[in-house]
Amino acid sequence: MLIVGAGGIGSPVARILVDAGVRGIAVADDDVVALENLHRQVLFDDRDLGRRKVDVLAERLPVEAIPVRVDRRNGRSLLRGRACVIDGTDSFADKYLLNDLCLELSVPFVHAGAAQFRGQVLLVRPGGPCLRCLLPEPPDARTDECRVTGIFGPAAGLVAALAAGEALRAISGDPAPSALLLADLATGRLQRARLPPDPLCPCAAGAPAGR
Amino acid sequence: MPQVTVFVPAPLRACSGGAAELRLEAPTVRAVLEDLERRHPGLYRSVCDETGAVRRHVNLFVNELHMRERDGLDTALVPGDKLTILPAVSGG
């Protein structure tokens, strides 16, 4: 299993999966712990400031640290053969890259995102709806990058728990259909929604990669 | 006409006077959007482009179904339906 991004979603996902008994987890990230991370990245504290996140995680959990940013150059080799890939990234470009590579490599993919008080999780399986079925193109600059709007700490934690649950479903072979899981901690509203495949999405033709 | 509830996500609540939920009467999803255009034009512009189409980075769900799984903007609404506006999120 590979967790891409060791931040507010990725690091709690690692903790939850390890505690669930999952082994063979790798975490990829080239970022370091910063003060503004600490309210939601609960495995780190102020003694870790400036250290690579994956190195800290590997000290505290039985996970493999991969201190690189996953990109088009290294993505296939890092993702190929994984039981599941979990999205702990914080940019649309990275989320699309993971979505597309996982579809190309037939690797189950758990998309997760959070901003302000809300978040969403989608388990993408080969042949099922994908992130591009939900979001054919990224929004314009007005939208909510976490660096611009921030993330309420509990929202990241809740999304991480939901993502870890979907990852466990994926590796246990649970055949239940995927659903879009939505959370809004400003209102306390949790929602499960069906996401139909988008007939215009490249994943319908089975060739999404390379976009 | 059926009374329905529109759930407004936090990033767009500045366009709805801070309201997380709007209750209005509308027979279709299209009628909901027309109502928003009149009463909350900023919210409407965040959801729809200048042609009136729902922006590609915004999704609309009626209860737990995506509107494209129903009849799109012509989806008929019944009393108590819940319309969720879902913009993109990228953080982690």
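Side-chain atoms are counted along with the backbone in the values below, which use heavy atoms only and exclude waters and symmetry mates. Proteins get letters first, then strands, A, B, ... in listed order; numbering begins at 1 in each. None of these values were measured; they are calculated from a predicted model.
- Residue A:Thr187 touches chain B through its side chain alone, counting heavy-atom pairs closer than 4.5 Å.
- The choice from A:Gln120, A:Lys95, A:His111, A:Arg189 that makes the most heavy-atom pairs within less than 4.5 Å of chain B is A:Arg189.
- Proximity to chain B (any heavy atom under 4.5 Å) is shown, for A:Ala156, by neither the backbone nor the side chain.
- With rounding to the nearest 0.5 Å, the separation of CZ in B:Arg56 from CZ in A:Arg132 is 10.5 Å.
- Shortest non-hydrogen contact noted between B:Arg13 and A:Ala186 is NH1-CB, 3.4 Å.
- To the nearest 0.5 angstrom, A:Asp184 atom CG is 10.5 Å from B:Leu86 atom CG.
- Contact residues of residues 3-14 of chain A toward chain B are A:Gly8, A:Ile9 (heavy-atom distance under 4.5 Å).
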* Does the side chain to side chain contact (heavy atoms under 4.5 Å, CB included) test come out yes or no for A:Gln116 and B:Val89, once each step is laid out? -> CA-CA 9 Å; A:Gln116 294 185 336; B:Val89 290; over 6 Å; no
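- No part of A:Asp87 comes within reach of chain B, as not one of its non-hydrogen atoms sits under 4.5 angstrom from that chain.
- Among B:Lys82, B:Arg68, B:Glu69, the residue with the largest count of heavy-atom pairs under 4.5 Å with chain A is B:Arg68.
- Using a 4.5 Å cut-off between heavy atoms, A:Pro197 contacts chain B through its backbone alone, with no side-chain atom that close.
- Considering all non-hydrogen atoms of both residues, B:Ala10 and A:Arg118 come closest at N-CD, 4.4 Å.
- Scanning both residues, B:His66 and A:Pro196, for their nearest heavy atoms gives CB-CD, 3.4 Å.
- Heavy-atom pairs under 4.5 Å with chain B were tallied for A:Asp198, A:Leu195, A:Val159, A:Leu182; the largest tally goes to A:Asp198.
- A:Arg194 and B:Glu64 are not joined by a salt bridge, as no carboxylate oxygen comes within less than 4.0 angstrom of a charged side-chain nitrogen.
- Considering every non-hydrogen atom in both B:Phe61 and A:Leu180, the closest pair reads CZ-CD2, 3.6 Å.
- If you measure heavy-atom distances from A:Leu134 to chain B, the contacts under 4.5 Å come from both the backbone and the side chain.
- Chain A is approached within less than 4.5 Å, heavy atom to heavy atom, by B:Ala20 from residues 16-23 of chain B, ordered by number.
- For a residue to count as touching a neighbouring chain, one of its non-hydrogen atoms must lie under 4.5 Å from one of that chain's; by this rule B:Leu12 does not touch chain A.
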